[in-house]
Amino acid sequence: MEPEKRKEPAEASPPPAESPSQPPLSEGEVEHPPEKEPYRPYSRSTRIKAWIGIAFMVFLVIMYTYAFASGKIMAF
């Protein structure tokens, strides 16, 4: 089955406006994207701290779920 062919609307959307902070390029110049820093993974200690935080949050969710499900929270 072939997709339905649709006619393009007569009025096209206007092109995006150029940012005023950049000067116009002279003829022959090519716009280059800004240089990106190379990817550098986080250190081992930072990743360990993140996993400890995740484990702590899972523990809290389990403890609060148990307290609400068992009704122990109502004893206070």
Side-chain angles (χ1 to χ4, degrees):
M1 195 164 156
E2 202 168 314
E4 184 179 316
K5 294 181 181 178
R6 298 181 183 178
K7 294 181 180 179
E8 294 296 322
E11 185 179 323
S13 61
E18 293 182 24
S19 62
S21 63
Q22 296 176 347
L25 297 174
S26 62
E27 199 169 313
E29 287 185 22
V30 179
E31 184 177 349
H32 295 289
E35 294 288 328
K36 290 185 178 179
E37 293 183 17
Y39 173 73
R40 192 175 55 131
Y42 286 101
S43 66
R44 181 179 294 260
S45 65
T46 304
R47 287 182 280 150
I48 289 172
K49 290 174 188 174
W51 278 110
I52 289 172
I54 291 170
F56 183 70
M57 292 307 296
V58 168
F59 172 75
L60 286 179
V61 167
I62 291 170
M63 296 310 327
Y64 275 103
T65 303
Y66 173 75
F68 283 116
S70 65
K72 299 236 185 218
I73 198 82
M74 302 301 277
F76 289 113

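Throughout, residue positions are numbered sequentially from 1 according to the sequence presented. Values below: every heavy atom of this structure, side chains too, minus hydrogens, waters and symmetry copies.
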Shortest non-hydrogen contact between V61 and T65, atoms and distance:
O-OG1, 2.6 Å

Any I54 side-chain heavy atom under 4.5 Å of W51 side chain
yes

So how far is it from F68 CZ to M74 CE, rounded to the nearest 0.5 Å?
9.5 Å

